[in-house]
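Structure first, then comments.
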Amino acid sequence: MNEDVLNEDQLLEAADTLAREFTRRLSRRRVFPDAEAIARLKKFDVPLPDTGDGHDTLRFLNEFGSPATVASNGGHYYGFVIGASLPAAAAAERLVLAWNQNALNGDSSPAADAIERVAGRWVLEALDLPREAGVGFGTDATTCTLTALVAARRELLTRIGWDIDRQGVVGSPALRVVVPDTVHTTVFKALRVLGFGLENIVTAPTDEHGRVDPRRLPPLDERTILILQAGELRAGVFDPFATIIPRARRAGTWVHIDGAFGLWARASSHHHLAAGVEGADSWSTDAHKSLAVPYDSAMVIVRDATALEGAMRTDPGSTGMAAASQRDLTLEHSRRPRGIGVWAVLNTLGRSGLRDLIDGYVRVAQFGANALAAAGFEILLDVEFNQILFRGATDAETIALVEAARSSGDTWFSVAQWQDRLAVRISVSSWRTREEEMTALVHTLVQAQHGV
Ligand SMILES: *Cc1c(COP(=O)(O)O)cnc(C)c1O
């Protein structure tokens, strides 16, 4: 190996300088890279080299990689719900990277194990979910939903006398899954991977706001898993948990909540939006969206901790449930301690700072919707949480508007299908987005509309 490869101090210092320059410029640069920056990515497409050099590697990555990134960590990006990382969490992750722990349990890392246990407890407090629940820190909402579904299936089958660990899925009693007709595609992915079979998935119709309509809910029983949403992908709305969940639980149905970004309403002044969600059996939520932890970080939460541990336990022979480690609560065995970023945000913000963080998304999104309405845009729904939906006079005009605004380089957002038409969706999920950024967005949109 080259001497230089081992020059840790200098390399890390150089990387840190570049990282700081990158974040300083985030809110002043193009939001989506231009064609030239993207074309220059071809520089990476070379044969595997024989030798290399750490400084050159870093310089190259910064010269050709950084300009082709998307400034979703800045304040002018509104595509999907991505989230920007809070400096305190990004800083903690820098240190955790140096630790390079394998956070599978307390033997492999006492520090990670202890901190993630506290992080799990704080998450339950912040979200006001049952304190006895098990919390696993995984990579993303998709994986965490999958993890919860493994626990749900295993538990429902156990209740009807089928031991999935021993007997397997082949020949097992069929389970049905009811999902909102607006459900995120990644939920289907999780179900497909688990072998539920698309034919066993029934959709629950939603109303004009995108919420599951309790009057049209498909039948529920003890062989059903019902998935509801805290924060629908396009409209950001919440299903009527207080009406549906008690009914489902009485029927013996397992209720799982996809709360990728919206579950954090529980920690805000708008907690009424998710009232009753605490009655569910399991929840999945991202830390890398509303909570502003760097990618990738998410949580699976299961009310009956033993159901989660039973499904995820690494050594099925062991039964010591009381003190499960993360390797017995997540899909991974070897893993980095993703819960530490969560701990860092919660420890930095505290309850009140967390409330301000989430309240900020709502306040800024409502401000933006009002400003857009004042500028003459047709807002499709009142903003409840962080999503603004509006559209042009026709689908073609909506698309033209989005393209014109994106090509300005000042912002980026996407088109979403909303009921029978296309709509522009503005997701406010960066702590760096304030009223000032919203005003700039409206200005960009008005300019774009003149050009359409
Ligand atoms: C983002 C999102 C997901 C998927 O989350 P990942 O972290 O990308 O796996 C699922 N459901 C909803 C509602 C989302 O917004």
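Everything numeric here is computed off the predicted structure, so don't read it as measured data. Just so you know, ligand 1 is whichever comes first in the structure, and atom 1 is the first atom listed for that ligand.
Listed by first and then second residue, the salt bridge (Lys or Arg N to Asp or Glu O under 4.0 Å) pairs involving residues 85-100 are Asp16-Arg94, Glu93-Arg336 (not counting sequence neighbours).
Protein residues with a heavy atom under 4.0 Å from ligand 1 are Asp140, Ala141, Thr142, His184, Thr186, Gly231, Asp258, Ala260, Phe261, Asp286, His288, Lys289.
Using a 4.0 Å cut-off between charged nitrogen and carboxylate oxygen, Asp281 and Arg249 count as a salt-bridge pair.
In this structure, a donor-acceptor pair under 3.5 Å is absent between the side chains of Asp395 and Thr398. For Ser268 and His270, the side-chain atoms include no donor-acceptor pair closer than 3.5 Å.
Not one N or O on the side chain of Arg432 forms a donor-acceptor pair closer than 3.5 Å with the backbone of Gly75.
Classification of the Phe385-Phe238 ring pair by plane angle, with boundaries at 30° and 60°, yields perpendicular.
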